[in-house]
Peer 1: 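I have a structure I would like to understand better, so I am pasting it below and will then ask my questions one at a time.
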Amino acid sequence: SAQLSNGTAKRQRVLAAPAVRKRAFELEVDLAQVPTSQPHGRVTMDDLETFVRERKDAPAPTTAE
Amino acid sequence: MTIQQIGSELTAYQILDVEGNLVGAMPNLSNERILELYRIMQLGRMFSNKIIALQRQGRATTFGSLAGQEATTVGLAAPLQPQDWLATSYREIASLIVKGVPLSTLIYSFRGFTAPYPRETHCLPIQIVIGTQMPHAVGLAMAAKIAGDPVVAVGVCGDGATSEGDFNEALNFAGVFQAPVVLVVQNNGWAISVPRSRQSAAASFASRGPGFGVHSVLVDGNDLFAVYDVMQQAVERARSDQGPTLIETLTYRLGAHTTADDPTRYRDEAEVEAWRLKDPILRLQRFLMKRNLLTEADNQKIIDEIEEEINRATDEALSLPAPAPDAFFDYTAADLLPRLQEQRQDLLRYATHQQNGRR
Amino acid sequence: MTIQQIGSELTAYQILDVEGNLVGAMPNLSNERILELYRIMQLGRMFSNKIIALQRQGRATTFGSLAGQEATTVGLAAPLQPQDWLATSYREIASLIVKGVPLSTLIYSFRGFTAPYPRETHCLPIQIVIGTQMPHAVGLAMAAKIAGDPVVAVGVCGDGATSEGDFNEALNFAGVFQAPVVLVVQNNGWAISVPRSRQSAAASFASRGPGFGVHSVLVDGNDLFAVYDVMQQAVERARSDQGPTLIETLTYRLGAHTTADDPTRYRDEAEVEAWRLKDPILRLQRFLMKRNLLTEADNQKIIDEIEEEINRATDEALSLPAPAPDAFFDYTAADLLPRLQEQRQDLLRYATHQQNGRR
Amino acid sequence: MQMTMIEALNSALSLELERDKRVVLLGQDIGVNGGVFRVTEHLQKKFGERRVFDTPLAESSIIGSSVGMAVYGLRPIAEIQFAGFLFVCMNQLASQAARIRFRSGGAYTCPLVVRSPYGGGVRTPELHSDSVEGLFLQAPGFKVVIPSNPYDAKGLLASAVADPDPVLFLENIKLYRSFRQDTPEEHYTIPLGQAKAVQEGEDVSVFAYGAMVPVALDAAKKAQQESGTSIEVIDLRTIWPLDETAIVASVEKTGRAVVVHEAPRAGGVGAEVIAIINEHCLYSLLKPIERVTGYDTPFPVPGLEDYYVPTSAKVLDAIKRVMEP
Amino acid sequence: MQMTMIEALNSALSLELERDKRVVLLGQDIGVNGGVFRVTEHLQKKFGERRVFDTPLAESSIIGSSVGMAVYGLRPIAEIQFAGFLFVCMNQLASQAARIRFRSGGAYTCPLVVRSPYGGGVRTPELHSDSVEGLFLQAPGFKVVIPSNPYDAKGLLASAVADPDPVLFLENIKLYRSFRQDTPEEHYTIPLGQAKAVQEGEDVSVFAYGAMVPVALDAAKKAQQESGTSIEVIDLRTIWPLDETAIVASVEKTGRAVVVHEAPRAGGVGAEVIAIINEHCLYSLLKPIERVTGYDTPFPVPGLEDYYVPTSAKVLDAIKRVMEP
Ligand SMILES: Cc1ncc(C[n+]2csc(CCOP(=O)(O)OP(=O)(O)O)c2C)c(N)n1
Ligand SMILES: Cc1ncc(C[n+]2csc(CCOP(=O)(O)OP(=O)(O)O)c2C)c(N)n1
Ligand SMILES: [Mg+2]
Ligand SMILES: [Mg+2]
Ligand SMILES: [Mg+2]
C-alpha cells in the first residue's frame with residue numbers, strides 16, 4: 001500500500017491484527033474491501049483468507065456488504 | 001530519679017527488684033491504676049497466647065508474642081495522653097491495648113485482614129519493616145511542634161532495629177529538631193536468632209543517644225514502675241519542649257520470635273529460665289501481694305475475667321465476615337484510578353469461584 | 001598521645017598550633033617526609049584551583065575544592081601502605097594523590113570522562129552519593145580480615161554524611177566485626193548551606209563512636225601532624241587487629257561547596273576569615289620556616305614546580321582524546337548483553353553526526 | 001506573566017504556603033539557600049523557619065518524617081535534592097508513604113508531595129541526572145508527575161499538593177530555565193492523570209514527557225518540513241496514572257506511535273505505553289511502536305551524556321521508520 | 001537425587017563454598033539458624049563463621065559491605081531476608097553494586113550475588129511476598145534470575161556465582177518446598193539469560209516465571225483438555241536479560257501470547273515482554289498480548305492474597321481470549 005502522507009481528512013482505517021495486515025499486504029489486498037465477521041469492522045485472518053479464496057473463485061468483483 | 005551518665009559502666013534504672021520489693025521511689029500511681037496496669041500486663045500475655053493458639057488452629061497468621069515484655073509494653077504506653085501518638089513495631093500489642101485499640105480489631109487483623117484502628121487511638125498500624133516507624137514517630141512529633149500542639153509521639157523498636165539506618169537517622173532528626181518524641185528500644189536480647197552481643201559493639205543502646213545529642217536513659221524493662229517512671233518523665237520533658245529522650249529497656253523475649261520460629265535452634269533454655277525468674281508479671285504480682293493489694297483469689301478472678309474478655313473478643317472477631325475480596329481496592333487512594341476500577345472488576349469476576357483459604 | 005574520653009567536653013587533639021609551634025609530641029616523620037607532605041598539601045590546593053579555573057573555561061565539570069582541608073586529606077592518607085584501601089567522597093582529591101592516582105587521571109575525570117584509577121592505588125572512585133562509601137570501606141576491611149591480609153581500609157566522609165543511615169550502619173558493622181577500618185569524618189563546618197550546628201545535636205561527631213562501641217578520636221583537622229599521628233595510630237590499631245577507629249577532624253571549607261555554589265548566600269565572610277587564620281598550609285609553612293626547613297625561596301620553588309607539574313598534567317589530560325562515544329558500554333558488564341550490542345550500534349550510528357558539547 | 005519553570009514552581013509553592021497553613025516545605029538547602037536550583041527562593045524568609053526548613057542530610061528520614069507529619073495532619077512538600085537520590089529513600093517511599101492508607105484501611109492517609117530534579121544534558125555529576133520514574137510503576141502508591149513547561153508545572157504542582165495521596169513531582173533540570181512562558185500569577189490547577197496534545201496530527205503519535213517534549217516537537221517539525229508528515233505530539237505530563245484514553249485515542253487515529261523518554265528502555269514508561277496500546281488498540285496499529293530512550297545502562301558521565309539522551313535526530317528516524325510501509 | 005528447591009539451593013551454596021575459598025555468605029539469621037527458610041542450613045558449621053556469618057539488622061550495609069568485599073576480591077553471596085526489604089537497600093544495589101564497574105571504568109568489579117525470597121500464596125506478613133524484580137529493569141546493572149524448580153535453581157545459582165557482575169537471585173517461597181525433583185548432587189551450571197520451553201505448543205505462547213510456571217502449566221493442561229488448544233509454556237528463568245530470541249521465536253510460531261507474573265502490572269516484566277514482541281515480531285500477532293498479573297496495588301493482606309496472585313483460571317481465560325478470532 002502506498003505510504004500514508006499528509007492526509008487532512010480523518011482516516012477511516014480498517015481494524016486488523018498486525019499479522020492480518022501483513023498477510024493482506026503480501027496478498028496485495030486492500031483490507032477495506034474485505035467483509036468482516038467482527039464488530040467494529042475488524043478483519044480477521046479468516047475473513048481475509050475467505051475473501052482471497054472467494055476472489056480467486058469468483059471472476060467478477062464482489063461488493064462488500 | 002538520677003539520670004545515669006553514659007559511660008562504659010551503665011546501671012539500669014530500677015524501682016522494683018525481682019522479688020517485688022521497692023528499691024526506689026514509686027512513681028505517682030494510684031493503687032487502682034497499678035492494678036489496672038497489672039491487669040493489662042496479664043491481658044497482654046494471655047492475648048498473645050490466644051493468638052498463638054489461633055495460629056496453630058490455622059485461624060491466625062504469623063504472630064510474634066510479647067511474652068516477657070509486658071512491663072515495657074504496658075509501661076511505655078501508660079503515661080500517654082489520648083492525643084499522643086504511638087508508632088510501634090509488631091511486638092507491642094499491649095501498648096496498642098493501653099491506647100485503646102480493641103482486642104477484636106487486633107484479632108481481626110491477625111486473621112489476615114485489614115483492620116483499621118480507631119483513628120482517635122493515635123496508633124500507627126503495627127510496622128513490619130524494621131525500624132521504619134522511628135522516623136514516623138519523629139515526624140509526628142515534628143508536626144505537633146510545628147502546629148504548636150501539646151502532643152508527644154512515641155516510637156518503639158527492638159534491639160535489632162537499632163542497626164538500621166532509619167533508627168539512627170530518626171535519633172538525629174529528633175535531636176536537631178528537638179522533637180517532642182520519646183524513642184524506646186525494647187532490648188529483648190534477640191533479633192530472631194541474632195543475639196544482642198552480635199547486633200552492636202555498643203555497651204548499651206542507651207549509649208547511642210549522646211552521639212546524636214539526645215538525652216538517654218537505661219531502664220530495667222521488666223520493672224513496670226521503672227519503665228513507667230522514666231517514660232512519664234520523658235513524655236513530660238517532650239511535652240514541655242525540653243526535647244527528645246532515648247530509652248533503652250532491658251527485657252527478654254521469653255517465647256519464640258514468632259510462631260514461625262524455633263528458638264531451640266539458637267539459644268539455651270538455661271538463658272530463658274534465668275530470665276523467667278525476672279518475669280515482669282510475677283514481679284509486680286509479688287509486690288501487689290506483699291502489699292495486700294492482690295490475693296490469689298483476686299488474681300484468679302482477674303485471669304478468669306481476662307479469659308472471658310479474650311474469648312468474647314475472639315468470638316466477635318471470628319464471627320465478623322471476611323472482607324469482600326476486592327476490599328483492598330478501597331484503600332489504595334482517595335479515588336480509585338480508572339485502570340484500577342477495571343482491575344477490581346477483574347478480581348470480582350473470579351472471586352465468586354475462589355476462596356482465599358480457610359479462616 | 002592520650003585518647004580523649006568522650007564526654008560532654010571534648011578537646012581536639014593538636015600538635016601544631018595555629019602559629020606553627022609544637023604543642024605536642026611530633027609523630028615519627030622525617031624532615032623529608034614532612035616537606036613531601038607539605039608539598040602535596042600545596043599541590044592539593046593548587047590543583048583544586050586549577051580544576052576550578054578549567055571549569056570556568058568550560059573545560060571541566062562541577063568540582064568541589066578541598067581548599068582549607070589539606071591537612072586532613074593529606075594527613076589521613078599519608079600513613080597508609082600501598083595495600084591499604086581508600087574510599088572517599090568527592091572532597092579528598094589530595095588523599096587520592098597521596099595514594100598515587102595520577103593528576104592527569106583526575107583531570108581527565110573532571111573533563112567528564114571515565115578515568116580508571118590504577119587498581120594498585122586501591123582507591124575506590126570518588127563517591128557522589130553521600131555516605132555510601134562508608135559501608136564499602138567497612139566491607140573492604142571485613143574482606144581483608146576474612147582473607148587474613150594485613151590490610152587496612154579507610155573511609156572518609158563529611159559532616160553532612162554523618163546524618164545518613166549508611167554512615168551509622170557502617171560504624172555499627174565496623175564495631176561488630178572489629179573490622180580493620182578507620183572511618184574519618186571531615187567536619188568542615190558545612191554541608192552545602194547547612195551548618196554543622198543544624199546537622200546534628202551531638203556535641204561532636206567523635207561522640208558518635210561509643211554508641212557503636214567504636215574507639216573515637218577528635219583531632220584538629222588543620223594540623224597535619226595531629227591528623228597524621230591519630231591516623232597512624234588508628235591504622236596500626238586496625239592492622240594489629242585491635243579494631244576500628246572513628247576520627248573526626250575539625251577543619252573548614254574555605255571555598256564554595258562546589259563550582260555551582262555561592263556561599264555568600266548563607267554564610268558570613270567573617271567566619272571564613274577567622275578560619276583562614278587557621279589555614280593548614282600556612283601553619284605547617286610557619287613550622288617549617290621556623291625550623292629552617294623551608295625558606296621563601298624554597299617555597300617559591302615548590303610552588304613553581306607544582307605549577308609546572310599541574311600544567312603538564314593538564315596538557316596531558318586535555319590532549320588525551322575524548323573517549324569513543326560508546327565507550328561506556330565497555331563498562332557495563334564483563335560481557336556485553338546482545339540487546340546492549342544493538343544499542344551500542346544505535347549510539348554509534350548517531351555519534352558521527354553528534355558532538356557531545358565542547359571539551 | 002513570563003515565568004521560567006523555576007519561577008512558576010516558586011510561585012506555586014508560595015501560593016500553597018499562603019493558602020493552607022498545613023503546608024510545610026522540608027529538604028536539604030531549601031531554606032536560606034532557597035534550594036540548589038532556587039526553586040524555594042525567599043520562601044523561608046516569607047513564611048518562616050517553622051514552615052520552610054532545612055533537614056540534616058538524610059533522605060530516608062526526610063521522607064519518613066514527612067510520612068509522620070502527613071499522618072498528623074500537615075501537608076508536607078519534601079524535596080529530594082536530585083532524583084537519583086530517591087534510591088536512598090526508596091523504602092520510605094514505596095513501603096511506607098505509598099502504603100500507609102492501604103495498611104491502615106484508610107484510618108491514616110499521606111498527603112505528601114515529593115519534589116525532585118532530574119534529567120540529562122546539563123553536565124551534572126553521577127546520580128544527578130538519572131530518570132527513576134519507571135521504578136514507581138512497579139511500586140504502586142505514588143502518582144508521578146513530570147511537567148514539560150512552566151505553565152503546566154505550576155498547575156500540576158498545585159494539583160499534586162491538593163491530592164490527598166502521595167505524589168512524586170519530577171522537575172527536569174534542563175527545562176528549569178530553558179524558556180519563559182506566560183504563566184498566571186494566581187493559583188490554578190491542572191488535573192493529574194491527563195495528557196495533553198501539544199500538537200495535533202494525523203500520521204504519527206509521539207508520546208513524550210519532560211525535556212523530551214521539545215525534542216519531540218523539534219523532530220515533528222522536521223518531519224513536517226522534510227516529508228509533510230503530520231505528527232501528533234502528546235505530552236504525557238502524568239506518568240502514573242497514564243492517560244490511557246488519550247494514548248489510545250491518538251493511536252486509533254494515527255496507527256503509528258513513538259515513545260520518547262530519557263530513562264533506560266527496559267520496563268520503563270515506554271514499555272507500559274506499548275502495553276496499553278497493545279491492550280486497547282492493537283488493531284489500529286500499522287507499524288511496531290518505536291521506543292526512543294536512554295540505553296539499558298546507567299546514565300553515563302557528563303562527557304558522553306549527549307550520546308545517551310534521546311535527540312531530535314533519533315526521534316525523527318523513529319518517525320521515519322513508523323512511516324515506512 | 002530428589003531435592004526440594006531449598007535442598008537444591010543449599011547444595012549449590014555448599015558446593016560454591018567448597019570450590020572457591022573466596023566465596024562468603026552473609027545475611028540475617030543465616031548462621032546458626034541456617035536462614036529463616038533453612039537455605040543455609042549447616043553451612044556455618046561446615047565452613048566456619050569466618051565464611052558464613054550473620055550480620056546486624058541492616059540491609060543497606062549488608063549490600064554496601066558486600067560491595068567492598070567483592071571489590072577486594074571475595075565473592076560474597078548476600079541474603080536479604082525477604083525481597084520486600086530490597087527497597088531498604090535499593091541505593092546500594094542500584095547506584096553502587098550495579099555501577100562500580102561502570103563508575104571505575106572496569107578497574108573494580110562486583111561479583112556479588114544477592115539472594116532473596118519472594119512470592120505470595122503463603123500467608124506472610126506485609127512486605128514478605130512482594131515481587132520487586134520489575135524495578136531492576138529500570139535500574140541497570142543487575143542480572144535478575146528467578147528459578148521455577150529445584151534443578152534450575154541449583155544450576156542457575158551456580159551460574160550466578162560464577163558471573164563476574166552483580167546478580168539478583170529471587171527464590172519463590174511457595175516453590176521452596178512444594179515439590180521434589182531429580183537434581184544432581186554435583187556442581188553444574190545453567191546459563192543465565194536463557195529461557196526454557198517447559199512445554200512446547202503451537203497455538204499460544206505463555207511466558208511465566210517462578211511460581212507462575214506451574215500455574216501456567218495447569219492452565220495449559222486445562223486448555224488442552226477443554227478445547228484441544230496446544231500451549232507453549234516458556235519459563236523465562238532470567239528476567240534480566242530477557243531471552244528475546246526465545247520470546248520472539250515462540251510468538252513467531254504461535255502468534256498469540258500471554259504473560260504471567262505476580263508483580264503488579266504496570267511497567268513490569270509483562271510490559272517489557274510485550275515491548276519486545278512489538279519490536280521484533282509484531283506482524284506475527286493475531287491478537288493482543290494478554291497480561292495476567294498482580295493488580296496495580298500493593299500486595300494485599302494474607303486474607304485476600306489469593307484474589308491477587310494470578311491463578312490457573314485467570315490464565316486459562318487469557319488463553320481463551322487470545323484464541324478468539
Ligand atoms: C527491614 C527488615 N529487615 C528484616 C526483617 C525480618 N525480620 C523481622 S523481625 C526481625 C528481627 C527484629 O529484631 P528486633 O528489632 O530486636 O525486634 P524483636 O523481634 O526482638 O522484638 C527481622 C530480621 C524485617 N521485618 N524488616
Ligand atoms: C545521598 C545524597 N544526598 C544529597 C546529595 C547532594 N549533596 C552533594 S554534597 C552535599 C553536602 C555534603 O556535605 P558533607 O558531607 O559535609 O561534605 P562536604 O561537601 O562538606 O565535604 C549534598 C547534600 C548527594 N550527593 N547525595
Ligand atoms: Mg529484639
Ligand atoms: Mg561538610
Ligand atoms: Mg557472580
Side-chain angles (χ1 to χ4, degrees), chain C residues 85 87 109 113-119 121-129 131-149 151 153 155 164-166 168-177 179 181 323 327-328 330-335 337-340 342, chain E residues 21-22 24 26 50-51 53-74 76 88-89 91-92 94-112 140-143 163-166 192-193 240-245 276 279:
Chain C
W85 283 85
S109 77
F113 303 135
T114 305
Y117 305 163
R119 197 194 152 96
T121 60
H122 280 195
C123 292
L124 290 188
I126 63 169
Q127 179 58 248
I128 295 290
V129 187
T132 56
Q133 71 276 21
M134 303 311 259
H136 301 166
V138 175
L140 287 159
M142 287 167 70
K145 186 164 181 170
I146 289 170
D149 298 335
V151 169
E164 286 285 3
D166 271 9
N168 298 278
E169 288 190 16
L171 214 36
N172 193 49
F173 266 51
V176 166
F177 293 109
V181 70
F328 63 89
D330 288 332
Y331 315 135
T332 55
D335 297 305
L337 301 179
R339 176 166 164 142
L340 290 191
E342 288 174 31
Chain E
K21 295 285 163 269
R22 301 171 299 172
V24 296
L26 66 157
R50 195 178 52 92
R51 296 181 64 203
F53 54 93
D54 287 331
T55 68
L57 218 173
E59 286 75 13
S60 192
S61 279
I62 287 172
I63 303 301
S65 67
S66 292
V67 170
M69 285 186 257
V71 167
Y72 190 95
L74 298 186
V88 179
C89 51
N91 184 59
Q92 286 285 355
S95 85
Q96 303 301 318
R99 301 190 193 201
I100 189 67
R101 181 194 285 269
F102 195 80
R103 170 176 304 139
S104 68
Y108 308 110
T109 59
C110 187
L112 165 67
F142 265 84
K143 295 184 181 70
D163 198 298
D165 291 293
L192 305 186
W240 189 260
L242 286 161
D243 187 343
E244 305 194 12
T245 306
I276 288 166
E279 181 175 345

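The chains referred to below are lettered A, B, ... by the order of the sequence lines, with proteins before strands, and numbering in each begins at 1. As the structure is a prediction and not an experimental result, all values here were calculated from the model.
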Peer 1: Just give me the residue among E:S61, E:G193, E:A107, E:G64 that pairs up with chain C most often, heavy atom to heavy atom, under 4.5 Å.
Peer 2: E:S61

Peer 1: Please classify the contact between E:D243 and chain C as side chain, backbone, both or neither, with a heavy-atom cut-off of under 4.5 Å.
Peer 2: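 Contact with chain C involves no heavy atom of E:D243 at all.
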
Peer 1: Is chain C contacted by the side chain of E:I276, its backbone, both, or neither, given a heavy-atom distance below 4.5 Å?
Peer 2: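 For E:I276, the side chain is the part near chain C, not the backbone.
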
Peer 1: Heavy-atom cut-off 4.5 Å, strictly under: side chain, backbone, both or neither for C:P338 against chain E?
Peer 2: neither

Peer 1: Can you name the nearest heavy-atom pair linking C:V181 to C:A141, along with the distance?
Peer 2: CB-CB, 3.7 Å

Peer 1: What residue, out of E:C89, E:G106, E:P56, has the most heavy-atom pairs lying under 4.5 Å from chain C?
Peer 2: E:P56

Peer 1: Side chain, backbone, both or neither: which part of C:I126 has a non-hydrogen atom closer than 4.5 Å to chain E?
Peer 2: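 Backbone only.
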
Peer 1: CG of C:D149: more than 12 outside heavy atoms within 6.0 angstrom?
Peer 2: yes

Peer 1: Quick check: closest heavy atoms across E:S104 and E:I100, and the distance to 0.1 Å?
Peer 2: OG-O, 2.8 Å

Peer 1: Report the C-alpha separation of C:F177 and C:V138 in whole Å, then their side-chain angles, then the decisive distance to 0.1 Å, and conclude whether the side-chain contact (heavy atoms from CB on, under 4.5 Å) test is met.
Peer 2: CA-CA 9 Å; C:F177 293 109; C:V138 175; 5.6 Å; no

Peer 1: May I ask you to decide if the ring planes of E:F102 and C:F328 are parallel, tilted or perpendicular, using 30° and 60° as cut-offs?
Peer 2: perpendicular

Peer 1: Given that the side chain runs from C-beta out, which part of C:A144 has a heavy atom under 4.5 Å from chain E: side chain, backbone, both or neither?
Peer 2: both

Peer 1: Where does E:S95 contact chain C at under 4.5 Å (heavy atoms): side chain, backbone, both or neither?
Peer 2: side chain

Peer 1: Compare every heavy atom of E:A70 with every heavy atom of E:P111, then report the nearest pair and how far apart it is.
Peer 2: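 Here E:P111 and E:A70 meet closest at CD-CB, 3.6 Å.
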
Peer 1: May I ask you to name which of E:P241, E:S66, E:A98 has the most heavy-atom pairs under 4.5 Å with chain C?
Peer 2: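 Option with the greatest count: E:P241.
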
Peer 1: Is chain E contacted by the side chain of C:I146, its backbone, both, or neither, given a heavy-atom distance below 4.5 Å?
Peer 2: both

Peer 1: Minimum heavy-atom separation for E:G73 to E:R22, with atom names?
Peer 2: O-CD, 3.4 Å

Peer 1: Side chain from CB out, backbone as N, CA, C, O: work out which of these in C:Q133 comes under 4.5 Å of a heavy atom of chain E, or both, or neither.
Peer 2: neither

Peer 1: Between C:D166 and C:P135, which heavy-atom pair has the shortest distance, and what is it?
Peer 2: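 Heavy atoms of C:D166 and C:P135 come nearest at O-CG, 3.7 Å.
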
